[in-house]
Colleague: 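Please read through the structure below; I'll follow up with questions.
Note that these values count all heavy atoms, side chains included, but never hydrogens, waters or copies made by symmetry.
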Amino acid sequence: MKITQECVSCIINQSLKVADAIGADESLTQELRSSVERMSSDFSFALSPPEVASDVYEMMAKIAKKDDIYDEVKVLSTQKARSFIPFLQEKLQKSENKLLTATKIAVAGNVIDLAAAVEFDLQEELDKIFHTEFAYNDFEAFRDELALANSVVILGDNVGEHIFDYMFLEVLKELYPHIYFIYMVRGNPIINDVTMYEAKEAGFDNICELVDSGVNTPGFAYNRANSSAQELFDKADLVISKGMGNYECLSPSHRGNICFLLKVKCNVVAIAIGREVGDIICKLERKK
């Protein structure tokens, strides 16, 4: 996906979210917004939204003098996500379709997104998601691909959401013990996306291969990934892509067999995917 004028407005508005997150005073808030507005005149419409956003957030981090703008917020997001673990474990124990339940848990976690144009409440999402159908429903095809796969790459998305991904991965390993699983994270702090630090803290390195993709974008921009991440991405039998940022970077992609799991949180993605804001998506792009 390439940016649209609507994306430009959204990215400019991110400056206010950053200001709020770091407790910026009026002067710093204005500096952040005006700096992003100046940058916006040079945005390339040949790039995806995450590629454009990466440069913007790097600039805002320098102005704010913070290496990780959302460090404190990410801690709180993780704590909140962990508080739902007992409830979700009970859902899994009582489930008659454990893979479907785990997949919906993974998608429910995707509401934790500080860059979204529309935000959703995690508690409310969890209350309804197990009774909600996928608006784009390739779940059975996804299940079939898992049965055939020997290697699967999961592209992580946001902090807090990664706690739900961990539960999803535990179920995948239980149901498909023959599969070699790889979980990829961002190369450095960008918005509230999961990095090696948060993934190790959650214990991913104990249950799968944990890989730093090297990307500095809030989405898996293949051309910015390191060579080892590119090779793993290319060779995997199946890629599970979490969230809108990864969808924006990988639609289209040079490879197939990518299953996109996400909550639609902006109009641009809704139009691209042919669904509505608020819909949950399980979309499988077949082999090329």
Side-chain angles (χ1 to χ4, degrees), residues 81-82 84-112 120 122 125-158 160-185 194 199 202-204 206-211 220 232-233 236-244 246-247 250 255-264 273 275 279-287:
R82 288 189 184 280
F84 290 105
I85 289 177
F87 167 75
L88 297 174
Q89 287 176 332
E90 183 178 0
K91 284 288 185 183
L92 285 169
Q93 290 169 1
K94 294 181 178 180
S95 175
E96 295 180 0
N97 188 335
K98 207 166 187 179
L99 178 61
L100 178 59
T101 299
T103 303
K104 286 191 172 182
I105 286 173
V107 175
N110 187 233
V111 305
I112 306 172
F120 295 86
L122 182 56
E125 190 65 21
L126 288 172
D127 286 342
K128 69 181 183 181
I129 197 164
F130 300 108
H131 311 289
T132 302
E133 296 294 326
F134 286 114
Y136 206 119
N137 194 348
D138 284 340
F139 176 75
E140 293 303 326
F142 171 53
R143 184 202 296 272
D144 291 344
E145 290 300 329
L146 280 170
L148 297 172
N150 291 308
S151 61
V152 171
V153 164
I154 302 173
L155 300 175
D157 191 25
N158 300 313
E161 178 181 354
H162 75 300
I163 300 301
F164 293 70
D165 290 347
Y166 187 94
M167 299 184 72
F168 177 47
L169 182 53
E170 284 185 311
V171 172
L172 290 175
K173 286 174 64 67
E174 175 189 338
L175 298 177
Y176 305 95
H178 66 283
I179 295 180
Y180 186 79
F181 288 99
I182 299 153
Y183 191 77
M184 283 193 189
V185 297
V194 62
F204 277 90
N206 296 321
I207 64 170
C208 68
E209 181 178 354
L210 181 58
V211 173
F220 185 77
L232 289 168
F233 177 84
D237 296 317
L238 175 67
V239 172
I240 300 174
S241 168
K242 292 293 309 300
M244 288 202 313
N246 288 323
Y247 178 79
L250 296 172
R255 67 155 289 156
N257 267 29
I258 303 178
C259 184
F260 295 102
L261 299 177
L262 65 141
K263 174 92 170 178
V264 180
I273 211 165
R275 296 298 185 270
D279 284 345
I280 58 173
I281 304 297
C282 178
K283 183 177 188 290
L284 181 67
E285 292 284 355
R286 290 290 194 179
K287 288 180 179 178

Colleague: Centroid separation under 6.0 Å, is that true for the rings of Phe220 and Phe233?
Modeller: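 For Phe233 and Phe220, the ring centres are under 6.0 Å apart.
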
Colleague: Between Glu209 and Tyr183, is the side-chain hydrogen bond (donor to acceptor under 3.5 Å, both in side chains) condition met? List the steps.
Modeller: CA-CA 6 Å; Glu209 181 178 354; Tyr183 191 77; over 6 Å; no

Colleague: Are Lys173 and Phe181 in a cation-pi contact, defined as NZ or CZ under 6.0 Å from the six-membered ring centre and within 45° of the axis?
Modeller: no

Colleague: Run Leu100 and Ser95 through side chain to side chain contact (heavy atoms under 4.5 Å, CB included) and show every step you take.
Modeller: CA-CA 9 Å; Leu100 178 59; Ser95 175; over 6 Å; no

Colleague: Do any N or O atoms from the side chain of His178 and from the backbone of Ala149 form a donor-acceptor pair under 3.5 angstrom?
Modeller: yes

Colleague: For Asn246 and Ser241, work out which heavy atoms get closest and say how close.
Modeller: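 In this case the closest contact between Asn246 and Ser241 is CB-OG, 3.0 Å.
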
Colleague: May I ask you to check if Lys283 and Tyr136 form a cation-pi contact, with NZ or CZ under 6.0 angstrom from the six-membered ring centre and within 45° of the axis?
Modeller: yes

Colleague: Are the side chains of Lys91 and Lys104 in contact, using a 4.5 Å heavy-atom criterion?
Modeller: no

Colleague: Grab the two heavy atoms, one from Phe164 and one from Ile105, that are nearest each other, plus how far apart they are.
Modeller: CD2-O, 3.4 Å

Colleague: Quick check against the 3.5 Å criterion: does Arg255 have a side-chain atom that pairs as donor or acceptor with the backbone of Ala236?
Modeller: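 Checking the backbone N and O of Ala236 against the side chain of Arg255, a donor-acceptor pair under 3.5 Å is found.
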
Colleague: List the atom of Lys242, the atom of Ala106, and the distance in Å for their closest heavy-atom pair.
Modeller: NZ-O, 3.0 Å

Colleague: Between Phe204 and Tyr166, what is the ring plane arrangement, given parallel below 30°, perpendicular above 60°, and tilted in between?
Modeller: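 If you compare the ring of Phe204 with that of Tyr166, the planes turn out perpendicular.
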
Colleague: Begin from the C-alpha positions of Val107 and Phe134 and carry the test side chain to side chain contact (heavy atoms under 4.5 Å, CB included) through to its verdict.
Modeller: CA-CA 10 Å; Val107 175; Phe134 286 114; 4.0 Å; yes

Colleague: Show, in sequence, the C-alpha distance, side-chain angles and deciding distance for Glu285 and Asn257, and conclude whether the side-chain hydrogen bond (donor to acceptor under 3.5 Å, both in side chains) test is met.
Modeller: CA-CA 5 Å; Glu285 292 284 355; Asn257 267 29; over 6 Å; no

Colleague: Has His162 got a side-chain atom pairing as donor or acceptor with Gly160's backbone, closer than 3.5 angstrom?
Modeller: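 A pair under 3.5 Å: yes.
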
Colleague: Please examine the side chains of Ile163 and Asp165, heavy atoms only from C-beta on, and report whether any two atoms are closer than 4.5 Å.
Modeller: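 They are not in side-chain contact.
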
Colleague: Restricting to non-hydrogen atoms, name the atom on Ala108 and the atom on Leu122 that form the minimum distance, rounded to 0.1 Å.
Modeller: O-CD1, 3.8 Å

Colleague: For Thr101 and Asn97, indicate whether the former's side chain and the latter's backbone hold a donor-acceptor pair under 3.5 Å.
Modeller: yes

Colleague: Please say which of Leu238, Val239, Leu172 ends up in a side-chain contact (heavy atoms from CB on, under 4.5 Å) with Ile154.
Modeller: Leu172

Colleague: Asn110 and Leu262: which non-hydrogen atoms are nearest, and at how many Å?
Modeller: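 That would be OD1-CA, 3.5 Å.
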
Colleague: Do the side chains of Leu126 and Leu88 get nearer than 4.5 Å, heavy atoms only?
Modeller: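 Sidechains of Leu126 and Leu88: in contact.
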
Colleague: Hey, is the main chain of Lys263 close enough, under 3.5 Å, to the side chain of Asp279 for a donor-acceptor pair?
Modeller: no

Colleague: Could you walk me through whether Leu250 and Phe260 pass side chain to side chain contact (heavy atoms under 4.5 Å, CB included), step by step?
Modeller: CA-CA 9 Å; Leu250 296 172; Phe260 295 102; 3.9 Å; yes

Colleague: Side chain of Asp237, backbone of Ser151: donor and acceptor closer than 3.5 Å?
Modeller: yes

